[in-house]
Engineer: 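Starting off with a structure, shown below.
We count ligands from 1, going down the list as the structure has it; atoms in each ligand are counted the same way.
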Amino acid sequence: MGLNGKTAIVTGAGRGIGRATALKLAQEGANVVINYSSSEAGAYETAEEINKMGAKAIVCKGDVRSIEEVKAVVQKAVEEFGTVDILVNNAGITRDTLILRMTEKDWEDVLDVNLKGAFNFIKAVTKIMMKQRSGMIVNVSSVVGVAGNAGQANYCASKAGLIGLTKSVARELAPRGICCNAVAPGFIESDMTDKLPDSMKEEYMRNIPLKRFGTPEDVANVIAFLVSEDAKYITGQVIHIDGGLVM
Ligand code: NAP
């Protein structure tokens, strides 16, 4: 896919979709900066796996909520690899509950990681990408950011916010050769969905036309395409990866 020599930052890459994305981008030839906040062992294992492939990876701890920590991750990427060509804003959390029970903290925690985290990273890489007049940014949204979901008002608001952020950044940075897109995964097998009750999983399965849950690799494959040369005429789009759940 033409990622040879490109440098990619993937947030929350110590496990789940972020880890699968880091591995896929490395497989396509990119140098990868593996960001994590608490999954240290997973981050180092991912880096080791990448190094075994013969690609380059570095591990950078950093909380996406903190602009200072985010700037430090970007600086480390530049020191190590010279620039940043690709940014994948994958880090995300849930604090699911009905709106009547949702606390201000539930709201703020989710918005801070899922939406402000992406804003922080985009802000930190923009100058670099503008200067080189190229860059590929992918934000990991969700189908519930498009369709909404009972019990996830905070999460859905953050994921819908990411779509607005994606389209605005796409318009603002297009004149500088930078593309910004979002992916909207449906139900993907990971720690995030593991904790859902079986009844909810069955309900999802009933509504998925392709009759299977997605894998982190299903998402990683689409992200790898969206950050590649093959996707250079695509910007401001939201690509659903959901087995047909929302159409
Ligand atoms: P996951 O296994 O729970 O992974 C979440 C990731 O986010 C972890 O790597 C975690 O890193 C990182 N993260 C959380 N808070 C962070 C912070 N403050 N700073 C840096 N990283 C942080 O879930 P997943 O399914 O892979 O989710 C990845 C993304 O896909 C999320 O944005 C999620 O909303 C989105 N998504 C998932 C699904 C699904 O069905 N699984 C569907 C639609 C969208 P640490 O462990 O290091 O803290």
Engineer: Name the closest protein heavy atom to atom 21 (N) of ligand 1, giving the residue it belongs to and the distance to 0.1 Å.
Structural biologist: Ala91 CB, 3.4 Å
Engineer: Do NZ/NE/NH1/NH2 and the carboxylate oxygens of Asp96 and Lys195 come within less than 4.0 Å?
Structural biologist: no
Engineer: Out of Gly16, Ala184, Gly42, Ser39, whose heavy atom sits nearest atom 46 (O) of ligand 1?
Structural biologist: Ser39
Engineer: I need the minimum non-hydrogen distance between Thr166 and Gln237, along with the two atoms involved.
Structural biologist: CG2-O, 4.3 Å
Engineer: Taking distance alone, with N or O pairs closer than 3.5 Å, would you say Asn114 contacts ligand 1?
Structural biologist: no
Engineer: List ligand 1 atoms under 4.0 Å from Ser38, heavy atoms only on the residue side.
Structural biologist: 45 (P), 46 (O), 47 (O), 48 (O)
Engineer: Ser141 heavy atoms, cut-off 4.0 Å: which ligand 1 atoms fall inside?
Structural biologist: 43 (C), 44 (C)
Engineer: So is Gly186 touching ligand 1 or not, going by heavy atoms under 4.0 Å?
Structural biologist: yes
Engineer: What pair of heavy atoms forms the shortest contact from Ala77 to Ile9, and how long is it?
Structural biologist: CB-CD1, 4.1 Å
Engineer: Nearest heavy-atom pair of Ala22 and Ile34: which atoms, and what distance?
Structural biologist: CB-CG1, 4.5 Å
Engineer: Charged N to carboxylate O below 4.0 Å: is that the case for Lys61 and Glu69?
Structural biologist: no
Engineer: Would you check whether Gly12 has a nitrogen or oxygen atom less than 3.5 angstrom from a nitrogen or oxygen atom of ligand 1?
Structural biologist: yes
Engineer: Please determine whether a side-chain nitrogen of the Lys or Arg among Glu203 and Arg206 lies less than 4.0 Å from a carboxylate oxygen of the Asp or Glu.
Structural biologist: yes
Engineer: Under 4.0 Å from a heavy atom of Gly62: which atoms of ligand 1 are those, numbered in the order shown and with their elements?
Structural biologist: 19 (N), 20 (C)
Engineer: Show the atoms of ligand 1 that are less than 4.0 angstrom away from any heavy atom in Val140.
Structural biologist: 29 (C), 30 (O), 35 (C)
Engineer: Shortest non-hydrogen contact from Val246 to Ala147?
Structural biologist: CG2-CB, 4.2 Å
Engineer: Which atoms of ligand 1 are found less than 4.0 Å from any heavy atom of Thr193?
Structural biologist: 39 (C), 40 (O), 41 (N)
Engineer: Which residue and atom name correspond to the protein heavy atom nearest atom 17 (C) of ligand 1, and how close is it?
Structural biologist: Ser37 OG, 3.6 Å
Engineer: Where is the tightest heavy-atom contact between Val64 and Ala91, given as atom of each residue plus distance?
Structural biologist: CG1-CB, 4.0 Å
Engineer: Using the side chain to side chain donor-acceptor pair (under 3.5 Å) rule, pick out the option among Asn139, Asn114, Asn120 that qualifies with Asn89.
Structural biologist: Asn139
Engineer: Would you mind checking if Glu49 and Lys52 are paired as a salt bridge, meaning a charged N to carboxylate O distance below 4.0 Å?
Structural biologist: no
Engineer: For Ile93, is at least one N or O under 3.5 Å away from an N or O on ligand 1?
Structural biologist: no
Engineer: Under 4.0 Å from any heavy atom of Gly92, which atoms of ligand 1 are there?
Structural biologist: 5 (C), 7 (O), 14 (C), 31 (C), 32 (O)
Engineer: Closer than 4.0 Å to some heavy atom of Tyr36 - which atoms of ligand 1 meet that?
Structural biologist: 47 (O)
Engineer: Near Ser142, which atoms of ligand 1 are under 4.0 Å from a heavy atom of that residue?
Structural biologist: 43 (C), 44 (C)
